[in-house]
Amino acid sequence: TFPAGIKFGYSTIENLQPFVDSLETTTDYSYMFYNCESLKKIRLNDTDSVLSFKDCFAQCPSLESVGEINCASCTDAGAFFYSCRSLYDVNLTNTGNIVKANGCFNGTAIESLVLEDCHSLETAQNLVRSDNLKVLKLYKTNKLKNLSFDSSILEEFFIEDASKLDSNLNFSFLPTLKSAGSFKDYGKGFTLRRQLYLSRNGLSLEA
């Protein structure tokens, strides 16, 4: 078993699976595979005790698939997959304890991002930036203070509770958007920074 804190950053290896299977006692995955330029596919097992995935796969341009990752104990997922421009397949489960997710999927090739439980999430600036993103859905968002994302072909967007958001939501530049909602209590005690810019393509919103 590898000692806590072991890192594989800047490795040119393509297959790390034999090593990853021995990481079950490690609780800090921050920068674990940072800038592993040749890494294409990987499966992380027994990650339910991991506290931080910060920059875990940042700058891994060849990474295509990581499958399902259990985030049961994780509080920091900032820049988790930052600039993984080939990444199209990832599924984060048990995400309810994540507090920070800034840049988590920024610069990926993900088409659909659905987070079923965001009840601890507070900050998600540049959560996802993908030229392929069509679906973004965030559930249990009652603590979310900021959120921003970028996709020119987004078709579906959902945020369950926007009552704590303290920044603009702008849909003016999403010509392909077909559905969005529900924006529960969005704009309570309206300020200039909390404005909802609506799409001009005939989009109807539940508000």
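Atom OH of Y29 is separated from atom CG of D55 by 16.0 Å, given to the nearest 0.5 angstrom. For the atom pair CG of L121 and CG of L147, the computed distance is 8.5 Å after rounding to the nearest 0.5 Å. Here the CG-CD1 distance, from L63 to I42, works out to 7.5 Å after rounding to the nearest 0.5 Å. A distance of 13.5 Å separates CZ in R85 from OG in S130, rounded to the nearest 0.5 Å. Atom CG of residue L127 and atom CG of residue N106 lie 8.5 Å apart, to the nearest 0.5 angstrom.
Checked against the 6.0 Å centroid criterion, the rings of Y139 and F158 qualify as a close aromatic pair. Residues F157 and F149 place their aromatic rings such that the two centres sit under 6.0 Å apart.
The closest side-chain heavy-atom distance from L92 to F80 is below 4.5 Å. For the pair F81/I110, no side-chain contact is recorded, criterion being any heavy-atom separation below 4.5 Å from C-beta on.
Both I98 and F57 sit in one connected hydrophobic cluster of ILVMFWY residues. Membership requires side-chain heavy atoms under 4.5 Å apart, directly or through other members. Residue L154 is grouped with residue I159 when hydrophobic side chains (ILVMFWY) are merged at heavy-atom distances under 4.5 angstrom, including chains of intermediate members.
Contact check on E156 versus K134 returns no salt bridge, with no Lys/Arg side-chain nitrogen under 4.0 Å from an Asp/Glu carboxylate oxygen.
Side-chain contact check for N70 and T47: no donor-acceptor pair (N or O, by modelled atom type) lies under 3.5 Å.
Ring-plane geometry between Y31 and Y34 is classed as tilted, the angle between the planes lying from 30 to 60 degrees on a 0 to 90 degree scale.
Smallest separation of non-hydrogen atoms from F33 and C60: O-SG, 3.0 Å. Shown here for V66 and V90, the closest heavy-atom pair between the two residues is CG2-CG2, 3.2 Å. The minimum heavy-atom distance between C118 and L138, with the atom names listed, is SG-CB, 4.3 Å. Shown here for L133 and L113, the closest heavy-atom pair between the two residues is CD1-N, 4.1 Å.
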